[in-house]
Visitor: 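The following block contains the structure, expressed as structure tokens.
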Amino acid sequence: MVTHVVTTFHFPPIPSRSHDWSAHWDGYEEDGPYGWGETEDEAKADLLENYERPDQ
């Protein structure tokens with residue numbers, strides 16, 4: 001089973017853009033880790049670099 005990465009654009013009302021995007025493993029929204037970034041690619045990279053896929 002391959003677990004996919006889901007991304008979300010938040011655009012919080014703060015001056016910093018470092019948390020505009022989040023990424024998490026599909027099916028692990030509630031208890032899984034999140035990656036964060038200024039862009040969608042940065043959020044995915046943060047998740048992939050810092051956390052193992054839950055199906056491995």
Visitor: Donor-acceptor check, side chain of Asp26 to backbone of His4, threshold 3.5 angstrom: yes or no?
Guide: no
Visitor: For a quick test of reading the model, state the closest non-hydrogen atom pair linking Ser22 to Ala43 and the distance between them.
Guide: C-CB, 3.9 Å
Visitor: Between Pro12 and Arg17, is there a side-chain heavy-atom distance shorter than 4.5 Å?
Guide: yes
Visitor: For Ser18, check side chain to side chain donor-acceptor pair (under 3.5 Å) against everything at least two apart and list the hits.
Guide: Ser16
Visitor: Could you tell me which residues satisfy ring pair (Phe, Tyr, Trp, His ring centres under 6.0 Å) with Phe9, sequence neighbours excluded, listed by chain and number?
Guide: Phe11, Trp21
Visitor: Hey, are the side chains of Lys44 and Thr7 touching, using non-hydrogen atoms and a 4.5 Å cut-off?
Guide: yes
Visitor: Shortest non-hydrogen contact from Asp46 to Gly35?
Guide: OD2-CA, 3.1 Å
Visitor: When you compare the side chain of Leu47 with that of Trp25, does any pair of heavy atoms fall below 4.5 Å?
Guide: yes
Visitor: Group every Ile, Leu, Val, Met, Phe, Trp and Tyr by side-chain heavy-atom contacts under 4.5 Å, then state whether Val6 and Tyr34 land in the same group.
Guide: no
Visitor: Can you find a pair of side-chain heavy atoms, one from Asp20 and one from His10, that are under 4.5 Å apart?
Guide: no
